[in-house]
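Encoded as C-alpha cells, the structure appears first; notes follow it.
What you see is a predicted model, and the numbers here were worked out from it, not measured in a lab. Throughout, a chain's letter reflects where its sequence line sits, starting with A, and its residues are numbered from 1.
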Amino acid sequence: MKLHEYQAKRVFADAGIPTPASALASSVDEVVDAAEEIGYPVAVKAQVHVGGRGKAGGIKLADDREEAEQAAEDILGMDLKGYTVEEVLVEEAVNFKNELYVGVTMDRGEGEPVAMVSTKGGVNIEEVAEEDPDAIAREHVDPAFGMHGYQARKVVYDAGVPREVASDVASVLSTLFQLWDDRDASDIEVNPLMITEDDEVVAADAVMNIDDDALFRQPDLAEMEDETYEDDLERKAGEYGFDYVRLSGNTGIIGNGAGLVMTTLDLVDYYGGSPANFLDIGGGAKADRVANALDMVFSDENVDAVVFNIFGGITRGDEVAKGINSALEQFDEIPKRVVVRLAGTNAEEGREILNDELVTVEETLEDAVQRAVEYAEVEA
Amino acid sequence: MKLHEYQAKRVFADAGIPTPASALASSVDEVVDAAEEIGYPVAVKAQVHVGGRGKAGGIKLADDREEAEQAAEDILGMDLKGYTVEEVLVEEAVNFKNELYVGVTMDRGEGEPVAMVSTKGGVNIEEVAEEDPDAIAREHVDPAFGMHGYQARKVVYDAGVPREVASDVASVLSTLFQLWDDRDASDIEVNPLMITEDDEVVAADAVMNIDDDALFRQPDLAEMEDETYEDDLERKAGEYGFDYVRLSGNTGIIGNGAGLVMTTLDLVDYYGGSPANFLDIGGGAKADRVANALDMVFSDENVDAVVFNIFGGITRGDEVAKGINSALEQFDEIPKRVVVRLAGTNAEEGREILNDELVTVEETLEDAVQRAVEYAEVEA
Amino acid sequence: MSILVDEDTRVVVQGITGGEGKFHTQQMMEYGTNVVAGAVPGKGGQEVEGVPVYDTVEQAAREEDADASVVFVPPAFAADAVFEALDAPLDLVVAITEGIPTQDMAKVNKRLSEVDTRLLGPNCPGIITPGESKLGILPGNIFESGNVGLVSRSGTLTYQVVDNLTSRGIGQTTAIGIGGDPIIGTDFIDALELFEADEDTEAVVMCGEIGGEDEEDAAQFIAENMDTPVAGFIAGRTAPPGKRMGHAGAIVSGSGTGTAESKIDALNDAGVPVGDTPNEVADHIEDFL
Amino acid sequence: MSILVDEDTRVVVQGITGGEGKFHTQQMMEYGTNVVAGAVPGKGGQEVEGVPVYDTVEQAAREEDADASVVFVPPAFAADAVFEALDAPLDLVVAITEGIPTQDMAKVNKRLSEVDTRLLGPNCPGIITPGESKLGILPGNIFESGNVGLVSRSGTLTYQVVDNLTSRGIGQTTAIGIGGDPIIGTDFIDALELFEADEDTEAVVMCGEIGGEDEEDAAQFIAENMDTPVAGFIAGRTAPPGKRMGHAGAIVSGSGTGTAESKIDALNDAGVPVGDTPNEVADHIEDFL
C-alpha cells in the first residue's frame, strides 16, 4: 500500500523529520489560499500514485497568485498515467544547495533491510543505481538489532555527505529506519533531502509504502489507503479480493495459484495469443469466486475469449465445475467463449459435470490455451 | 535505583497490568480517607526500600475504619530496618485462590535476560530458588530479538500455571519484559500475581529496579528516586558521588579502585582489625575528593583510625599527597590518625610531599594496614 | 531414498485445531505421514484425529519425539510459531501460511542463520516424498515414487509439472515447494545441494518465476557444483514490470532485474534447458533419464 | 611472546578527541603502542598527537590497516562504539568506559557470539604486553617483561599485584584487565586459555572478586585444562551480602552465591593456591618459577 506524499510527510514530520510548510488542497481556491498563507514561491504537486509526476506535468512552481491559480487549474483534474488528480499538495519551495537521497528498503536477496544514502538525490534512484552504482552508499541492518547509531553515520559518511550536515542527515536516516521498522514499511525514502544554504536539512519529497501483509497491525496507516484504481476492473478486483493485473491482450485468463496463472499467460503468448489479464482466484475456489472471476473477464472489453485453468490440490474440480455451470447458466447468451481445463483433485468428476453447451473442455493445459487463443483470434 | 511499590505499580498499571485499587497516604487521616474510598478490607503497606516488610510489621490488613486508623498509626513513622516510614500505600485487599511469581532479571552468567514464572508466589523467590529450584520455570531471552510471544507462553505452561489463566499470565509477563527492556530495569517482578476466584490476574505487589547506569535515558524514572538513606553517611556519599558502603568496624578505609579497596578491607580483617567502611574515591582523585573522603570517614563515629591506600595509575601520588595535606591542614586537631600508603605513578614524590606531622606514611600495603589496625586498637 | 522427509519423520502440526490444520492433518495422515502431535497454546490435553495436542511445540517435541512441524497458523502469529519451532528445536519446519509480514520473516531469517533447523516456506505447499510422507497441502495422488527431484517457488505450477512427469511414468524422489514470498527459508541452492547429494535423484526439475535473483544464483550453483542434470521452467515471461503477480515475491523491478529473460539466460548459460511449456520440461527430464 | 597484543598491534583510539582519549593516546604512544588512527564522528580529517582522525572506525581500519581499538567514549554512546568496532571488523576491542548500561552490554554480548572479534572490558584498565604495547590506561612503568601472565577483574588491584611481582624481579608476558562489570567480553577462561597456549607464560596470576560465578567456572577450567600453574587472589572477603562494592559486578547475592569463600574454595579445589594478601600471591608465583 502506497501513502501519498502528503500522508508520508505527515508521518515523517510527526517523527521529527523537517518538512517544508505545506497544505493539501482540492480546489483552485484552496490552492491559492494555501499559497498565500505559505508565501511564494510554492510548489503545487499532484497527489496520485504514479511515478515520474514531475516529468508528466504533475508538479508546478508558482511565484505569485496568478501562477498558483494557473498551476492549480492545470493540475487539478488532469489525467496522470490513467489516474485523475483530485488533490494537490501546496508547499513552500525550498532553496537548496544540495539534494540527497536517503532511504530504507528490504534487500530480499539478503533478507535484511538496507539503508541507502546518495549525494545524487533529486533524480530517480533506480537510474542512479544502474548508471553509477557507487554513488549510492549502502548499509545492511541486522533485523534483530535494528539500526545502530554508528551505521547511520557510516552510510552517511561513506556516501560523502558534507561533514557539516552529516549528523543531521544521519539523524533523518535513523528516524526513517525507525519508521520503516515500527510501521512495517516496505520502502521509505526522502528524495530529495534538501540541504539549504544554512545547512539545514528538509525533506522535499516523501515516499512510504507499507507491506500489505502487515496492514492488520497498522490500522491508522491502513485507513489512509486511497482506493483509487486505474479503472473499474482494478476496482472490482479489489472488491472481490483477487490478485489481478490488467494487460493489453484479448485472451482472458483465470487460474488458481500465482505460478500456474503466470504460466498460463506465458503459454497464451507462446501459442501466438495475447494475454488480457492475470487473475488468480486462489485455493479452494468456491462457486461465488468462480462467478466473480468470470464477471471480471467478461467485463473487460478487450477480452475475446477466456481460458479457465484449474489444477486442483485443495481446490476440488467438481466444485469448480459446478461453480462454472451455475455462473454461466445465468446468462441468456454467454458473452465470450470459455475454455476450461481441470486437472488434479476430482478433475474427472469436474469434467463430467461441466456443461459442454456452455464451455469448451480440454484435458491438457497446452490444448486449453491453444483453443482459447484460437477462439480469441476468431472473435478479434 | 529502586522504585517504591506504589511507583512501580503506577508504571505497571500504565502498561496495562491489572493492579488493585490503591492510594498513597502520608497521614492517618489520609489513610482512613483512602480506605473509606476504596472499601474494606484494605492493606496498609509501608513504602520503604527494605525487604521483608511484611514480617517486620510494615504491612497490615484493616477490615474497618478503626483498624485502618490503627494500622496507619502503627506503620507511619515506624522504623523499618533503619528507615523511617513516611508513606504508606492503602490498597484494596484482593481475594485470591493462587499466588504466582512472575519476573524478569538479568542472568549475568549468560549475559541475557531471563524470564521466570512460578506457582509458588507470595514468598521470597530467592528462598524458592534455593529450596525448590524446579518450582521456577525459566526462559532466557535473546537481547537482540526481545521476548517472542511463544516464550512468554512457554515459561507460563512450563511453570504449570492453570490453563484458564495461562494466556493472561503470559500477557503480564510479556508486558513486564517490555517494561524491563524499555525502561532499563535490572529486576522487575510481580510477587504475588494473584489469581482471583473469577480467574482474573492482579498484581498485588510490584518490584522494579532500574539500572543506575541507564538512568540518564530514563529521566522520568530518575525523578522518582527517593533519596532516603539509612543514615547521614550514606547521604553524604551520595552527595559526594562516592561508592560507599558502611560496615560495623572501627578502621576507616579510603582507596582508589573497587578491587583495591575491597582488598584493603580484607587486609584490615586479615590483620585482626575491623573495617568501618568501603570508600572508593575513583581514578584521578583531585584534592576536593580527597578532602570529601576524609570528611566522610572522620564523620563516622565508629572510626578510630584511617588507612588511605592509593595505587596511582592515572591518579598521581603527588597530587593525592597535596590533597591530603591541604585537607588535614584545615583541622586544628586531626580527629583520627591517618596512615597513608602511596604507590605507583609519582608515589615517591607524593611520599616526600606528605606532612609527617599530619599523617603516618607507610610504603607497603601490608605495613599501612597493620599500622592503621594498630592505631584503631589503641584508640578503641 | 529422498531428502528431508521420509516415513520416519515425526511431525507436529502447529495450529492443528484450526480448520485448515485439522483438514490437512487428516489428509497427511491418510497419505501416511507420521503426525505425532499438535501444538496450540491453551489446547493442550485435547486430541485431533487421535493425535495429542500440546500447549507448546517444545512439549510436543519432547513428549512425542517429533523432529518436524507444519505451520498452519494465521499470518499475524505465524512468525512466532516458526520461532517456536526453530527454538524447540526441530530439524525441519514447513510454513504453509501465506501473508506473513515481510519484516517478521526478516527476523526469522536472522534466527535461521543461528540454528541448524531448516525452514521450508512460508507461503509454500510443503514437501512430499511420494509413498512415504507429505508435510503440507500438496495433493498426494498426483505424485509417484521415482528418481526425479523437484523444487519450485509455486504451488499449483508444481502440481502441473509433476502431473506432466507422472503421466509419463516418471516418479519423484522428493518434491519441495520453497514458497513464493520475498524472504524464505530453504532456497533453490539449498534444495539443489540436497538433491545433488541424494543418490536416488537422477535428475532435478527447478521451477522458478520472476522476481529476485535466486534463479540466477541457482544457475551459477548448478554450473559449479552439480553433476545431476537439471531442467528448468520460469513462469512470468509476459509479466509487466512493477506489477505484483500474485506471489509477494513475483515482481519484476523497474531496473530490469528479476525478469524471466535474465533467469532463462542464466539457466541456459549454466547448461540447464528451460522448457517453454511445463510439458517441455518433462521432455527434457525424459531425455536425461 | 605474549597474548593478544604486541609491538605490531595497530591501534585505533575511539573517542581520541576527548580529554581522556587524548591524554591516554599520548601515554600509550609514549609507551610504544602503535596508535595509527583515531575515530570520532564529525572529526575526520583532524589530527591528535600526530595521529589522523577518521569519521568512522571502518574508514580508520581500512586506511590505516588497524586491527585493534581502545574505546574512550562516554557511557551513553560506548556500546554503539563497541558495535562499530566489532562490525568494522577489528580483531580486538578494549573498552575502558565505565558505566555502560547493562542492557546495552547484553546486546553487545549477543553480537560477540556472532563475530570473531575479541572484546576486553568494558570498565577495564586494558591490556599490556610489557615493553611492547599497552592498550588502555594501565601505568606502564610498573610492568616489566617476563614470564608471568596476569588476568584480573580489577584495575588498581592489578597494579598492586604487578608491583609485588615486579619488585621481586618477576616480569610479565601480558597483563589483562577483563573489567568489573556484570557482562564483559573476554572472561577469565578465555584469558587463561590464551595464557595456557602461550609458550612464554610459565605461571599465571588470576585476580578475582566477589559476585557472579566466573571464578568458580575458571577454577573448573584450570583443573581440567591447564598445565601452567595458576595462583589466585579474591577481593571482597569482608563484603556484606547485597551491597554493591564499587564495581557493578561486585555484589554478593542474598542466596549465598558469589561469595569470596565459594570462589577461594573452588580455586583451592582446583589446586590453585589463593593468597591472603597480594604479596602472598607473589610468593606463590615465585614458588612456581
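In this structure, the side chains of C:Ile142 and A:Phe311 come closer than 4.5 Å at one or more pairs of heavy atoms. Put simply, the side chain of C:Asp104 reaches to within 4.5 Å of the side chain of A:Arg217, judged on heavy atoms. By the 4.5 Å heavy-atom criterion applied to side chains, C:Pro240 and A:Leu247 are counted as neighbours. A:Thr263 is listed as a side-chain neighbour of C:Pro278, based on a closest heavy-atom distance under 4.5 Å. For the pair C:Thr277/A:Tyr271, a side-chain contact is recorded, criterion being any heavy-atom separation below 4.5 Å from C-beta on. Using a 4.5 Å heavy-atom threshold, the side chains of C:Ile100 and A:Asp213 count as separate.
With a 4.5 Å cut-off on non-hydrogen atoms, A:Arg246 does not touch chain C at all. There is no contact between A:Leu279 and chain C, counting heavy-atom distances below 4.5 Å. Using a 4.5 Å cut-off between heavy atoms, C:Asn109 touches chain A through its side chain atoms alone. Residue C:Leu138: no heavy atom, backbone or side chain, is found under 4.5 Å from chain A. Proximity to chain C (any heavy atom under 4.5 Å) is restricted, for A:Leu267, to the side chain, taken from C-beta onward. When heavy atoms are compared at a cutoff of 4.5 Å, C:Ile234 approaches chain A solely by way of its backbone atoms N, CA, C and O. Proximity to chain A is absent for every atom of C:Glu20, based on heavy atoms less than 4.5 angstrom apart. For C:Gln103, the parts lying near chain A are the backbone and the side chain together; criterion is any non-hydrogen pair under 4.5 Å. Interface remark: C:Ile183 contributes side-chain atoms only to the contact with chain A (heavy atom separation under 4.5 Å). With a threshold of 4.5 angstrom between heavy atoms, A:Glu110 approaches chain C through N, CA, C or O but not through any side-chain atom. Using a 4.5 Å cut-off between heavy atoms, A:Asp184 contacts chain C through both its backbone and its side chain.
Taking both residues in full, the closest heavy atoms of C:Ser154 and A:Gly259 are given as OG-CA, 3.2 Å, listed atom of the first, atom of the second, then distance. Heavy atoms only, all atoms of each residue included: A:Pro143 and C:Ala106 are closest at CG-O, 3.3 Å.
Scanning for salt bridge (Lys or Arg N to Asp or Glu O under 4.0 Å) contacts around A:Asp220 gives A:Arg183, with sequence neighbours left out. By the salt bridge (Lys or Arg N to Asp or Glu O under 4.0 Å) test, A:Glu362 is found to be paired with A:Arg371, residues two or more places apart in sequence or in another chain being considered.
Looking only at heavy-atom pairs under 4.5 Å with chain C, the residue among A:Leu265, A:Val369, A:Thr264 that has the most is A:Leu265. The candidate from C:Asn279, C:Asn164, C:Asp276 with the greatest count of non-hydrogen atom pairs under 4.5 Å with chain A is C:Asp276. Note: A:Ala185 leads A:Gly249, A:Ala185, A:Ser274 in heavy-atom pairs under 4.5 Å with chain C. With chain C as partner, the option from A:Phe216, A:Trp180, A:Tyr244, A:Phe242 having the largest number of non-hydrogen pairs under 4.5 angstrom is A:Trp180. Note: C:Ile137 leads C:Val161, C:Asp187, C:Ile137, C:Asp214 in heavy-atom pairs under 4.5 Å with chain A.
Environment of CD in A:Glu363: sparse, with no more than 12 heavy atoms of neighbouring residues, nucleotides or ligands closer than 6.0 Å. With a 6.0 Å radius and a threshold of 12 heavy atoms from other residues, nucleotides or ligands, C:Lys110 has its NZ atom above the threshold. At most 12 heavy atoms of other shown residues, nucleotides or ligands fall within 6.0 angstrom of atom CD in C:Gln220. Summarising the local packing, CD of C:Glu98 is surrounded by 12 or fewer heavy atoms from other residues, nucleotides or ligands at distances under 6.0 Å. Residue C:Phe221 places its CZ atom among more than 12 non-hydrogen atoms of other residues, nucleotides or ligands, all under 6.0 Å distant.
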inquiry  = Does C:Thr156 form a side chain to side chain donor-acceptor pair (under 3.5 Å) with A:Asn256? I'd like the steps, not just the answer.
reply    = CA-CA 7 Å; C:Thr156 47; A:Asn256 68 327; 4.6 Å; no

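Here CE of C:Met105 is found 12.0 Å from CG of A:Asp211. Values are rounded to the nearest 0.5 Å.
A salt bridge is absent between C:Lys107 and A:Asp142; no separation between the charged side-chain nitrogens and carboxylate oxygens falls under 4.0 Å.
In this structure, the side chain of A:Asp269 does not engage the main chain of C:Thr238 through any donor-acceptor pair within 3.5 Å. With hydrogens and angles ignored, the 3.5 Å screen pairs a side-chain donor or acceptor of A:Asp266 with a backbone N or O of C:Arg237.
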